[in-house]
Amino acid sequence: MREYMPNEIEPKWQKVWEEMEPFKASNDSDKPKFYALVEFPYPSGEGLHVGHPRPYTALDIVSRKRRLEGYNVLFPMGWDAFGLPTENYAIKHKIHPRIVTERNVARFKQQLQSIGFSFDWSREVNTTDPNYYKWTQWIFLKLFEKGLAYKQEMPINWCTSCKVGLANEEVVNGSCERCGGEVVRKVKNQWMLKITDYAEKLIQDLELVDYIERVKIQQKNWIGKSEGMEVDFKIAGGDDELKVFTTRPDTIFGATYMVIAAEHPIIEKYKDRLVNLDEVLEYKEEVAKKSDFERTELSKDKTGVELKGLKAINPATNKEIPIWVSDYVLITYGTGAIMAVPGHDDRDWEFARKFNLPIIEVIKGGNVEEEAYTDTNSGELVNSDFLNGLDVKEAIEKMSGYLEDKGIGTRKVNYKLRDWVFSRQRYWGEPIPLVHCDKCGWVPVSEDELPLMLPDVDNYEPTANGESPLANIHEWVHTTCPKCGGEAHRETDTMPQWAGSSWYFLRYIDPHNNDELASKEALEYWLPIDWYNGGMEHTTLHLLYSRFWHKFLYDEGIVPCPEPYAKRTSHGMILGDNNEKMSKSRGNVVNPDDIVRDYGADTLRTYEMFIGDFEKSVPWSENGVKGCRRFLERVWRLQDIVVDGDEYTKDLESNIHKTIKKVSDDFESLKFNTGIAALMSLLNDYNSHGSITKKDFETLLILLNPVAPHITEELWNVIGLEGNLFDATWPKYDEEKTKDQVIEMPIQINGKVRGKVMVNISDTQDMVREKALADEGVAKFTEGKSIIKEIFVMGKIYNIVVK
Ligand code: ANZ
Ligand code: ZN
């Protein structure tokens with residue numbers, strides 16, 4: 001027997017796969033289809049991380065298994081290659097981002113191939129390829145045509161270090177998700193996508209898909225549907241109202257003051273009446289520097305200024321109440337103004353305490369002198385005139401009706417979801433294919449001019465005034481209006497990185513199509529994606545954005561189904577061996593190349609799947625890697641005990657059937673670790689038996705193949721099985737043979753359990769009776785008596801009635 005040498009056999013098989021293309025998906029096949037998708041990576045300069053292969057191996061396992069089961073499988077890979085890190089690297093090292101991207105892609109690809117994933121490389125896509133981004137631009141133009149892309153002056157999250165606008169989703173704890181830099185508010189003219197038009201559908205259609213629960217919950221929370229009322233509060237001595245959004249109209253008798261956002265237009269409007277205008281404006285300036293996160297942080301000390309000289313009237317009590325401006329009310333939600341109910345809202349309570357504002361209890365249950373009483377989904381109304389004595393639900397209804405009747409309230413549904421800030425003032429992104437003409441306004445570049453190529457520049461730095469570097473290329477910016485032929489200039493902002501990943505799964509379906517984003521037939525054949533696995537960190541960004549684009553394309557009749565992903569699962573992170581997130585600075589990063597070199601790709605794959613519960617975060621362990629390598633070595637040595645025979649060994653048969661069943665089920669339900677454990681246990685059975693037939697070995701090889709494809713292909717050849725394993729058929733199991741053969745069965749006499757006997761499930765009732773009556777405990781109750789009735793269900797119940 002040769003030694004097990006993964007460094008020899010792995011490249012050999014990778015070459016065979018490359019040449020014979022067994023993993024190539026066909027767009028024209030009678031087989032059932034299976035489309036498995038993993039998130040395509042951002043090809044960073046750091047190369048692959050051991051976190052990457054975890055989800056990839058998981059769906060590689062499912063894909064390989066499904067192919068052996070007779071499916072036409074599409075399991076593609078590509079590159080999400082536009083974006084800041086590449087651009088920043090390019091700026092620093094003065095290398096064109098295109099070159100940087102090429103290098104990084106080449107390295108990533110080589111790494112992925114060395115791990116032996118069964119991707120269909122003939123369908124590789126790259127978001128920075130003009131033949132790809134042509135269609136990203138095309139989709140954008142469709143959105144523009146339908147009024148779903150618009151330009152607006154708006155306060156955006158501005159990263160002071162990247163000098164770029166960020167979507168809400170890219171701001172984490174008040175800092176830039178990418179660089180950790182400080183994020184402030186800045187008013188800029190930005191392209192926006194109206195994802196909010198799809199807010200309701202994005203919630204409703206979660207009913208249509210099979211996503212793991214935590215993904216559904218996160219999506220719903222992010223969209224943040226909230227049902228309430230808009231209520232007008234009159235400005236005292238004016239003919240104006242201040243409109244608030246509240247989910248709790250029942251608490252209105254407890255509204256002792258109002259709060260508006262610092263950006264609320266009422267400040268400007270009533271500036272002549274404000275006796276402390278300077279103070280208000282100063283506060284406003286202070287607030288402008290803060291991010292939403294800082295403003296709304298619960299624990300932070302409340303700040304604010306009263307609008308002196310202005311009062312509002314509570315429409316329930318008809319009393320005058322003060323109006324304050326504070327940063328805890330956001331201009332971007334509801335109406336940018338609230339009625340404050342300090343008795344039952346924590347933030348209002350803290351604010352009221354700090355500024356000595358009255359606190360009134362309107363729902364019984366707590367002590368509002370001590371803290372806000374917020375356990376108010378139900379409860380009895382007090383201090384609330386005609387609502388007194390009602391329960392919360394009745395009070396909400398009654399007050400809503402009352403306000404509607406008076407014409408000062410309307411029911412309103414609000415969503416936390418904001419429109420998507422779609423422009424970036426950066427170089428390395430898709431140019432937005434629009435032209436501005438003084439006469440015609442924003443005009444789309446004509447479709448046959450797509451792709452609108454990203455021009456070459458010498459300098460990718462964002463300009464000091466925050467404009468995109470493209471703004472500096474005079475000859476590119478100046479153009480003619482596609483509509484009137486007059487002088488015009490191009491939009492110089494580019495699209496965010498999320499653009500290319502919002503539809504990449506469609507391009508895989510028909511990646512070389514020059515006339516359409518993908519052909520209708522191909523889309524109809526492959527969609528929806530049967531299984532998409534990706535990180536939890538993408539639940540609120542990429543997953544939502546791509547569902548939105550897909551829904552839009554569905555409404556446009558371009559794709560055949562309303563949801564792109566029939567199923568979504570998510571994996572846990574792989575942590576460093578010290579249980580902390582892997583990072584360069586912590587010095588706990590494991591490079592998959594090293595594992596492949598020292599142990600082999602099959603060991604890396606097996607370990608990544610055996611490491612623990614797929615859905616949980618788990619620490620890396622070098623010992624665990626070694627254990628997996630030993631397992632594969634033992635599989636390798638099985639070749640020594642193989643004897644001829646195309647039947648299962650009798651003594652092993654039941655365990656083989658059980659293992660087929662277990663592995664088949666586990667590989668489909670994220671339980672890769674227990675599936676592998678079952679294979680390890682079968683290996684032990686084989687070894688204890690001392691010899692195995694070719695058939696026994698063959699089944700083990702097929703079952704292990706999706707996890708460790710190289711060693712199993714090699715062994716298949718070594719023992720002289722026909723053809724290649726990749727052409728084999730996934731084994732079937734016989735349900736009967738998976739059942740435990742010998743079981744313990746309780747024996748009842750006159751309804752009471754008096755003993756237990758071991759029976760074989762193929763035993764007849766007569767055989768079991770014989771065993772039962774021979775049992776000492778049972779015999780005590782049957783001796784000298786006669787049997788008058790028996791109830792017998794194999795494996796479940798045996799009751800003997802005696803007299
Ligand atoms: C009175 C009230 C009484 C409220 C009470 C809550 C509890 P959700 O569920 O998240 O939609 N609110 C409205 N607009 C706001 C803004 N722009 N910035 C900050 N807070 C705002 O929350 C709705 C509640 O958040 C609204 O209902 C309002 O306070 C506040 F016992 O009105 B409530
Ligand atoms: Zn024009």
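Computation of the quantities below employed the complete heavy-atom set of this structure, encompassing side-chain atoms and omitting hydrogens, waters and symmetry-equivalent molecules.
Taking every heavy atom of both residues into account, Asn533 and Thr569 meet most closely at OD1-OG1, 2.7 Å. Contact record, Pro455 with Ile473: CG-CD1, 3.7 Å, taken as the closest heavy-atom pair. Across all non-hydrogen atoms, the minimal contact from Leu206 to Lys220 is CD1-CG, 3.8 Å. Annotation for Val38 and Tyr532: closest pair C-CE1, 3.9 Å, computed over non-hydrogen atoms.
Between Trp498 and Trp549, the ring center distance fails the sub-6.0 Å criterion. Ring pair His550/Tyr554: centre-to-centre distance not below 6.0 Å. Remark: aromatic rings of Phe75 and Phe117 are distant, center separation not under 6.0 Å. Taking the six-membered ring for Trp and the full ring otherwise, the centers of Tyr565 and Tyr211 sit at least 6.0 Å from each other. You'll find the ring centres of Phe108 and His52 inside the 6.0 Å limit. Proximity of the aromatic rings of Tyr508 and Tyr504 is defined here by a centroid distance below 6.0 angstrom, and this criterion is met. Aromatic rings from Trp420 and Tyr545 are positioned such that their centres are separated by under 6.0 Å.
The aromatic rings of Phe82 and Tyr133 sit tilted relative to each other, their planes meeting at an angle between 30° and 60°. Note: His436 and His489 have tilted aromatic rings, judged against thresholds of 30 and 60 degrees for the angle between ring planes.
Considering NZ of Lys151 and NZ of Lys188, their distance stands at 8.0 Å, rounded to 0.5 Å. Atom CG of Asn414 and atom CG of Leu417 lie 11.5 Å apart (nearest 0.5 Å). For the atom pair CG (Asp80) and OH (Tyr42), the distance works out to 8.5 Å, reported to the nearest 0.5 Å. Going from atom CD of Glu556 over to atom CG of Leu148 covers 8.5 Å, rounded to the nearest 0.5 Å. Taken to the nearest 0.5 Å, the CG atom of Leu523 stands 9.0 Å off from the CG atom of Asn513. Separation of atoms OG (Ser122) and CD (Glu21) is listed at 6.5 Å; rounding is to 0.5 Å.
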Inset, instruction - Assess whether side chain to side chain contact (heavy atoms under 4.5 Å, CB included) is satisfied between Leu506 and Val559, documenting all intermediate values. - result: CA-CA 9 Å; Leu506 299 177; Val559 296; 3.9 Å; yes
Inset, instruction - For Arg98 and Asp456, run salt bridge (Lys or Arg N to Asp or Glu O under 4.0 Å): C-alpha distance rounded to whole Å, both residues' side-chain angles, the deciding distance at 0.1 Å, then the answer. - result: CA-CA 10 Å; Arg98 186 170 22 79; Asp456 266 329; 3.7 Å; yes
Legend entry - Residue pair Asn126, Thr128: steps toward the side chain to side chain donor-acceptor pair (under 3.5 Å) verdict: CA-CA 5 Å; Asn126 182 329; Thr128 66; 2.7 Å; yes
Inset, instruction - Give the intermediate values and the outcome of ring pair (Phe, Tyr, Trp, His ring centres under 6.0 Å) for residues Phe505 and Tyr35. - result: CA-CA 10 Å; Phe505 46 91; Tyr35 185 174; 7.9 Å; no
Inset, instruction - Tell me, with the steps shown, if Tyr89 and Asn104 meet side chain to side chain contact (heavy atoms under 4.5 Å, CB included). - result: CA-CA 11 Å; Tyr89 183 91; Asn104 291 349; over 6 Å; no
Inset, instruction - Please test Asp205 against Tyr198 for side chain to side chain donor-acceptor pair (under 3.5 Å), starting from the C-alpha separation and ending with a verdict. - result: CA-CA 10 Å; Asp205 288 358; Tyr198 282 82; over 6 Å; no
Inset, instruction - Just do the side chain to side chain donor-acceptor pair (under 3.5 Å) check on His49 and Asn591 with the steps written out, would you? - result: CA-CA 6 Å; His49 172 281; Asn591 184 339; over 6 Å; no
Legend entry - Steps toward side chain to side chain contact (heavy atoms under 4.5 Å, CB included) verdict (Met573, Met536): CA-CA 9 Å; Met573 255 193 301; Met536 277 313 282; over 6 Å; no
Inset, instruction - Before giving the answer on side chain to side chain contact (heavy atoms under 4.5 Å, CB included), spell out for Trp428 and Leu454 the whole-Å C-alpha distance, their side-chain angles and the decisive distance to 0.1 Å. - result: CA-CA 8 Å; Trp428 196 228; Leu454 193 55; 3.6 Å; yes
Legend entry - His538 vs Glu39, side chain to side chain donor-acceptor pair (under 3.5 Å): CA-CA, chis, key distance, verdict: CA-CA 9 Å; His538 291 140; Glu39 288 169 342; 2.9 Å; yes
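The backbone N or O of Phe552 sits nowhere less than 3.5 Å from a side-chain atom of Lys142 that would complete a donor-acceptor pair. Judged by distance alone, with hydrogens and angles left aside, the side-chain atoms of Gln14 form a donor-acceptor pair with the main-chain N or O of Ser114 at under 3.5 Å. Between the side chain of Gln111 and the backbone N or O of Pro592, no donor-acceptor pair lies under 3.5 Å. Here the side chain of Arg426 pairs no donor or acceptor atom with the backbone of Ser423 at under 3.5 angstrom. With Ser583 contributing its side chain and Arg586 its backbone, the two residues share a donor-acceptor pair below 3.5 Å. Under the 3.5 Å distance criterion, the side-chain polar atoms of Gln152 are left unmatched by any main-chain donor or acceptor of Gln190. Using a distance-only test at 3.5 Å, with no hydrogens or angles considered, a donor-acceptor pair links the side chain of Arg418 to the main chain of Thr332. Proximity of a side-chain donor or acceptor of Gln219 to a complementary backbone N or O of Ile203 within less than 3.5 Å is not detected. Listed for the Lys551 side chain is a donor-acceptor partner under 3.5 Å among the backbone atoms of Pro562. Formation of a donor-acceptor pair under 3.5 Å by the Asp510 side chain with backbone atoms of Ala522 is not found in this model.
Inspection of the Ser468 and Asp493 side chains reveals no N or O donor paired with an N or O acceptor under 3.5 Å. Residues Glu491 and Trp442 bring no donor and acceptor atom of their side chains to less than 3.5 Å of each other. In this structure, a donor-acceptor pair under 3.5 Å is absent between the side chains of His512 and Asn131. Glu200 and Tyr415 share a donor-acceptor pair across their side chains, judged by distance under 3.5 Å alone. If you check the side chains of Ser175 and Asn173, you find no donor sitting under 3.5 Å from an acceptor.
Atom NZ of Lys216 has more than 12 neighbouring heavy atoms from other residues, nucleotides or ligands inside a 6.0 Å radius. For Glu153, the CD atom counts as densely surrounded, since its 6.0 Å shell holds more than 12 non-hydrogen atoms of other residues, nucleotides or ligands. The local environment of NE2 in His474 is sparse, with at most 12 non-hydrogen atoms from other residues, nucleotides or ligands closer than 6.0 Å.
Looking only at side-chain heavy atoms (C-beta outward), Tyr333 and Lys416 come within less than 4.5 Å of each other.
Remark: Asp120 engages Arg123 in a salt bridge (Lys or Arg N to Asp or Glu O under 4.0 Å) (not counting sequence neighbours). Scanning for salt bridge (Lys or Arg N to Asp or Glu O under 4.0 Å) contacts around Asp593 gives Arg107, with sequence neighbours left out. In this view, Tyr132 and Trp503 satisfy the ring pair (Phe, Tyr, Trp, His ring centres under 6.0 Å) rule, not counting sequence neighbours.
Of the residues Arg547, Arg568, Lys201, the one that meets the side-chain hydrogen bond (donor to acceptor under 3.5 Å, both in side chains) test with Glu563 is Arg547.
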